[in-house]
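Take a look at the structure below.
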Amino acid sequence: RTGNFYDDSTSLLQPSCLRKVCDCYIAFSNLRDTPLRRMMGEGALWRIPERKKVRAVFFDIDGTLIDMQKKQISEKMIETLQKLKKNGIKLCIATGRAPITLPKIKEIEFDAWLTFNGSLCYDRMETIYSNPICLEDVQKIVGNASAIGRPVSVATKEHLAANGTDKDLEEYYSFAHQSVVIAEDFEDIICQEEIYQVMLGCRESDYSVILEDVEGAKITAWWDHAADIIPANGGKGMGIQKMLEHYQLDRSEALAFGDGNNDIEMLQTVGTGVAMENASADLKAIADEICGNVAEDGIYHYCIENGLI
């Protein structure tokens, strides 16, 4: 990426900045004996390459919008969202959470929601994309989890239901200020309702056992003590594709912020994918850019530095 040039009089011409601050023409007419003047010449006019206007921003929640330690959104982040909205940018949530566990932020109205890691996407008017897990796979997952002593929770559009609980599942739920609800009619729920996601406490070493003989689902995870199981053809990337098509936006007009491995496809789908400083190493490796830590209002500072607010 080519960004603003900078002057370092202690060395020869430096490379361009990695982070672009603005789209504009800059005239260097009053420079003295600097690397910039030697390269450009007195009074030279240079054009910084344009980046297409951002019209939609997708935000993961846990570890991105909300500090997982404080479990609440900061005042600076609320200010950021309000200013982005004022600038005509669509604000979209992109999360593994269920609709009923989304945080209530009274100071801001989001435009659209990508939930269950992309399996259910909607706005205030309609459902944009719906992609549940087939019943046969749900039943196999429940049986496989039971074989290793793990209870599971299933998520429908309207509610969550579990066949038991354990420490990992309880802590997983606590991130959304929720408690595990054990349903006596669990079997009826998985047979009669559309299941968008299955959640359970586990470790990466358990993944192959959990998905044994499961053909139409896959694991995506943002925490190392639990997993979300979603349709094999699902993921945040697919959900974002559907939402961009719905709003007739080009991928170059979309930006996304994330911190977990379940955000990899999301960052690869938009024009500019930004990983938090507190993100996983895998996510940072594929990100276009890296902003500050969620605990230090990284998104706020990124948006200021890049002229979004």
Side-chain angles (χ1 to χ4, degrees), residues 58 60 93-101 113-122 126-164 168-169 172-173 180 183 185-246 258 260-269 282:
F58 294 85
D60 174 53
I93 289 290
T95 180
R97 292 195 191 192
I100 63 171
T101 67
W113 295 264
L114 180 157
T115 60
F116 300 129
N117 288 296
S119 294
L120 180 63
C121 305
Y122 58 94
E126 61 187 314
T127 296
I128 297 170
Y129 179 58
S130 177
N131 183 31
I133 306 172
C134 74
L135 173 59
E136 183 180 358
D137 282 333
V138 172
Q139 291 174 326
K140 286 180 180 177
I141 292 165
V142 172
N144 291 342
S146 178
I148 60 173
R150 288 289 192 174
V152 305
S153 175
V154 297
T156 72
K157 185 176 181 179
E158 303 295 337
H159 59 265
L160 304 171
N163 62 357
D168 288 336
L169 195 57
Y172 180 86
Y173 264 68
V180 177
D185 59 343
F186 181 82
E187 293 297 331
D188 291 337
I189 290 173
I190 64 175
C191 290
Q192 297 173 11
E193 299 191 40
E194 290 185 325
I195 305 300
Y196 287 95
Q197 188 163 276
V198 180
M199 299 152 287
L200 74 160
C202 64
R203 303 295 185 272
E204 187 173 355
S205 58
D206 299 321
Y207 289 0
S208 60
V209 176
I210 294 167
L211 292 181
E212 187 175 355
D213 296 324
V214 175
E215 297 181 358
K218 65 180 180 182
I219 286 176
T220 182
W222 54 268
W223 186 47
D224 58 4
H225 285 191
D228 296 334
I229 303 175
I230 62 174
N233 63 344
K236 290 187 180 182
M238 175 60 73
I240 286 178
Q241 285 183 33
K242 298 296 183 180
M243 294 178 81
L244 293 179
E245 290 171 7
H246 178 78
N261 283 359
N262 65 331
D263 296 320
I264 289 176
E265 293 179 8
M266 173 172 75
L267 265 59
Q268 293 174 326
T269 302
D282 290 341

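Any value given below was found using the heavy atoms of this structure, including those in side chains, with hydrogens, waters and symmetry copies removed.
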Expected output: side-chain Q241 to main-chain T269 donor-acceptor under 3.5 Å: no

Might you point out which heavy atoms bring L267 and G258 nearest each other, and give the distance in Å? CD1-N, 4.1 Å

Of all the heavy-atom pairs spanning Q139 and C191, show the shortest one and how long it is. NE2-SG, 3.8 Å

L114 side chain near Y129 side chain, heavy-atom distance below 4.5 Å: no

For a 4.5 angstrom cut-off between non-hydrogen side-chain atoms, does I148 reach I210? yes

Nearest heavy-atom pair of I100 and H159: which atoms, and what distance? CD1-CA, 3.6 Å

Could you state the interatomic distance from CD (Q197) to OG1 (T220), rounded to the nearest 0.5 Å? 8.5 Å

Separation of I219 CD1 from N117 CG (nearest 0.5 Å): 12.0 Å

So which heavy atom on L160 is nearest to which on A98, and how close? CD2-CB, 3.9 Å

Look up atom CD in Q192 and atom CG in L135, then write down how far apart they are to the nearest 0.5 Å. 10.5 Å

Side chains of E193 and E158 in contact at under 4.5 Å (non-hydrogen atoms): no

Quick one: side-chain hydrogen bond (donor to acceptor under 3.5 Å, both in side chains) partners of S130, sequence neighbours excluded? Y196

Is the number of heavy atoms from other residues, nucleotides or ligands within 6.0 Å of CD (E245) greater than 12? yes

So NZ of K218 and OH of Y207: to nearest 0.5 Å the spacing works out to 13.0 Å

Please indicate whether K140 has more than 12 foreign heavy atoms, meaning atoms of other residues, nucleotides or ligands, lying under 6.0 Å from its NZ. yes

Side-chain touch N131/F116, heavy atoms, less than 4.5 angstrom: no

Okay, side chain of N163, backbone of V152: is any donor-acceptor separation there less than 3.5 Å? yes

In short, G234 meets E265 closest at the heavy-atom pair O-OE1, 3.8 Å

Check A221 against A226 and note the closest heavy-atom contact, atom names and distance. CB-O, 3.8 Å

Enter the distance from D213:CG to D137:CG here, rounded to the nearest 0.5 Å. 10.0 Å

Could you tell me whether the side chain of K236 reaches within less than 4.5 Å of the side chain of F58, counting heavy atoms only? no

Test your reading of the model: is there a side-chain donor-acceptor pair from K242 to the backbone of C121, 3.5 Å cut-off? no

Whether N144 side chain and E212 backbone form a donor-acceptor pair below 3.5 Å: yes

Do R97 and T115 have side chains that approach each other closer than 4.5 Å (heavy atoms only, starting at C-beta)? no

Are any non-hydrogen side-chain atoms of L211 and I229 less than 4.5 angstrom apart? yes

Holding to side-chain hydrogen bond (donor to acceptor under 3.5 Å, both in side chains), I want the full list of residues that pass it with S153, two or more places apart in sequence or in another chain. Y173

If I take atom CG from residue D224 and atom CG from residue N261, how far apart are they, to the nearest 0.5 angstrom? 10.0 Å

Please determine whether the number of non-hydrogen atoms from other residues, nucleotides or ligands lying under 6.0 Å from atom CD of E204 exceeds 12. no

Listed partners of D168 passing side-chain hydrogen bond (donor to acceptor under 3.5 Å, both in side chains), at least two apart: R150, R203

Note, T127 side chain near L120 side chain (heavy atom, < 4.5 Å): yes

